[in-house]
Amino acid sequence: MVDNPNDAEILSLLSQVREHAKFFGELGAESIASEQVGNAPHAVPMSLRDVEPRSHPSQPVREESILFARGLSTAKPDSSKSIRPPEALFELSQPQPSFTQTRESLEDIWRDIGDCTRCGLCEGRTQVVNTHGNRNARLMFIGEAPGADEDAQGKPFVGRAGQLLTKMIEAMGMKREDVIIGNVNRCRPPGNRQPTLEEAAICRPFLFREIAAIKPEVIVVMGNTALRNLLELREGITRVRGQFRDFRGIKVMPTFHPAYLLRDPSKKRETWEDLKMVRDFLEGTASAQD
C-alpha cells in the first residue's frame, strides 16, 4: 500500500511509461533519450536498451518526425532541435479523415522525392525504389522496404518474396499488371533490417500521397512494419490479420509478408484465407456496379 500521494502518482506515471516503452519497442525503437527536467543534474534517460533508432544512435525519435509521418506537418524534422518530453512522443493519433480529392500524379510525388537524402538510408542504397504497377489499380499491396534485388532493379518485390507475391496475386485470379505495389520505405536498410521509427516517419508521407493519387479500393498491408505505419495499431499482424480495417475510407486487409511465408510456409493457408476475402470483396463490388 502506498501512503504518500506523490509516491502513488509516480508509480502511476512509471506504469504508463512502461506501457509506452513496450509499444515503441515493438515498433523497432531501442531507446528514447530524455531531456533533463527542471534542475535535476543527473536525469537518467528512459531506456529500452539505451534507446535510439538503430541506424542513427545520435538522433532520437522526435515529435516532429511523428507529426511528419502522420501527414500533419510538411516540414522535414530538424535534427538540431532537442527532443520533446517523452509524453509528447507517446500521444496516439486521432482517427484519420478520408482522403480528399487530389490532382497530384505519381510523377509529381516522385519528383518531390527525387534522389532522396532525407535520412541515413540514402548512404547505403543503390537507388530509390518507388511504388510500381497499375496506376488505376483497385488493389494495392504495401510491404516494408526494398531488399537487395529491389535495390538493384529499382522495382518493389522482384526477389524471392516478390515471386511468391506474384503467385499469390495470380491465385486471386488477377495478374501482377492489375495491381500496384509499394513499400513504407523506398531505400534498402542495411542488412535488410527493419526501418527505424524515424526512417519510416520521413518516408511514409510520400506513400500516403501515392495512395491519395491512386485511390485503390483495397490495400493489403504485408507484415508488422506496413501494418503499424499505415494503421498505427499496437497489435501484431498475427492478431489482426483476416479482419478488414479502414484507412481514410479505404478498406485494408493485414496479412503476413511473403518473406515471412518463405521462412514459415505453414502460414500460407491463413494468408490465402485473407486474400480470398479481398478477392470476394472486389468481385462483390464489381458485380454491384454492373
Side-chain angles (χ1 to χ4, degrees), residues 96 98-102 104-107 109-110 129-146 150 155-186 203-204 206-231 233 237 240-262 267-290:
Q96 305 253 6
S98 298
F99 279 116
T100 56
Q101 196 73 19
T102 177
E104 192 172 42
S105 69
L106 294 182
E107 283 80 10
I109 300 166
W110 298 341
V129 181
N130 287 315
T131 298
H132 185 267
N134 188 332
R135 302 178 185 210
N136 298 312
R138 302 174 64 205
L139 177 59
M140 183 175 190
F141 289 86
I142 297 175
E144 178 176 295
E150 290 75 18
K155 295 181 181 179
F157 285 89
V158 293
R160 289 184 63 223
Q163 294 167 18
L164 178 55
L165 177 59
T166 299
K167 293 179 180 179
M168 292 159 58
I169 294 168
E170 291 173 347
M172 297 173 70
M174 307 174 74
K175 298 179 180 179
R176 186 166 171 132
E177 294 77 20
D178 298 328
V179 306
I180 193 159
I181 304 170
N183 283 301
V184 173
N185 276 81
R186 292 157 200 272
C203 212
R204 188 171 65 168
F206 296 113
L207 175 64
F208 289 178
R209 288 168 60 186
E210 286 178 332
I211 294 172
I214 299 162
K215 300 180 184 66
E217 293 177 38
V218 181
I219 297 173
V220 175
V221 290
M222 302 177 290
N224 283 324
T225 297
L227 170 70
R228 288 167 177 165
N229 276 282
L230 201 71
L231 299 181
L233 295 177
I237 199 77
V240 302
R241 56 144 294 271
Q243 307 168 46
F244 274 118
R245 302 285 176 139
D246 179 82
F247 176 68
R248 301 189 183 185
I250 298 172
K251 280 194 172 294
V252 175
M253 174 59 72
T255 196
F256 295 109
H257 194 287
Y260 179 72
L261 299 179
L262 292 174
K267 299 298 184 183
K268 288 183 179 180
R269 180 179 296 274
E270 295 172 70
T271 304
W272 175 232
E273 293 300 320
D274 301 341
L275 296 181
K276 283 196 296 184
M277 292 177 64
V278 172
R279 179 198 63 190
D280 293 345
F281 172 82
L282 291 172
E283 289 179 352
T285 55
S287 298
Q289 293 171 3
D290 292 340

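What you are looking at is a predicted structure, and each value in this text was computed from that prediction instead of being measured.
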Distance from Leu106 atom CG to Asn130 atom CG, nearest 0.5 Å?
9.0 Å
Distance check, rounded to the nearest 0.5 Å: Ile250 atom CD1 versus Lys215 atom NZ?
9.0 Å
Side-chain donor/acceptor of Asn185 to backbone N/O of Ala145, under 3.5 Å:
no
Distance from His257 atom NE2 to Leu227 atom CG, nearest 0.5 Å?
12.5 Å
With a 4.0 Å cut-off on N to O distance, would you call Arg279 and Glu273 a salt bridge?
no
Heavy-atom distance under 4.5 Å between the side chains of Asn134 and Val179, does that happen here?
no
If we only count heavy atoms from C-beta on, is the Val221 to Thr255 side-chain gap below 4.5 Å?
no
Taking C-beta and beyond as the side chain, do Arg176 and Phe157 meet within less than 4.5 Å on heavy atoms?
yes
Let me know which of Val158, Thr166, Leu139, Leu165 forms a side chain to side chain contact (heavy atoms under 4.5 Å, CB included) with Ile181.
Leu165
For Arg241 and Asp274, which heavy atoms make the closest approach, and how far apart are they?
NH2-OD1, 2.7 Å
How close do Pro258 and Met222 get, heavy atom to heavy atom, and via which atoms?
CD-SD, 3.7 Å
Heavy-atom count around Arg135 CZ within 6.0 Å, excluding the residue itself: above 12?
yes
Can you check salt bridge (charged side-chain N to carboxylate O under 4.0 Å, His left out) on Arg186 and Glu210, steps first, answer last?
CA-CA 13 Å; Arg186 292 157 200 272; Glu210 286 178 332; 2.8 Å; yes
Quick one, Met168 and Thr271 - any side-chain contact, counting heavy atoms below 4.5 Å?
yes
Using 4.0 Å as the upper bound for N to carboxylate O, is an ion pair formed by Arg209 and Glu104?
yes
Looking at side-chain heavy atoms only, is the closest gap between Ile219 and Met253 below 4.5 Å?
no
Can the ring centres of Phe244 and Phe281 be said to be less than 6.0 Å apart?
yes
Should Pro254 and Gln243 count as side-chain neighbours, where that means a heavy-atom distance under 4.5 Å?
no
Whether Arg138 side chain and Leu282 backbone form a donor-acceptor pair below 3.5 Å:
yes
One should read off an interatomic distance between Asp280 CG and Met172 CE, to the nearest 0.5 angstrom, of 9.0 Å
Please report the shortest heavy-atom distance between Trp272 and Ala171, naming the atom on each side.
CH2-O, 3.2 Å
If you define the side chain from C-beta out and look only at heavy atoms, does anything of Leu233 sit under 4.5 Å from Arg245?
yes
Taking every heavy atom of Asp178 against every heavy atom of Ala137, the minimum-distance pair comes out as O-CB, 3.5 Å
Can you check whether Phe208 reaches Arg248 side chain to side chain, under 4.5 Å on heavy atoms?
yes
Pick out which of Ile211, Val252, Asn183, Thr131 makes a side chain to side chain contact (heavy atoms under 4.5 Å, CB included) with Ile142.
Ile211
In short, Ile180 meets His132 closest at the heavy-atom pair CG1-O, 3.4 Å
Check Gly143 against Ala226 and note the closest heavy-atom contact, atom names and distance.
O-CB, 3.7 Å
Kindly compute the distance separating CD1 (Ile237) from CG (Asn224), expressed to the nearest 0.5 Å.
6.0 Å
Lys276, NZ: over 12 other non-hydrogen atoms inside 6.0 angstrom:
yes
Measuring from atom CD1 of Ile109 to atom CZ of Phe206, what distance do you get when rounded to the nearest 0.5 angstrom?
9.0 Å
Looking at Lys251 and Glu217, is any side-chain nitrogen of the basic one under 4.0 Å from a carboxylate oxygen of the acidic one?
no
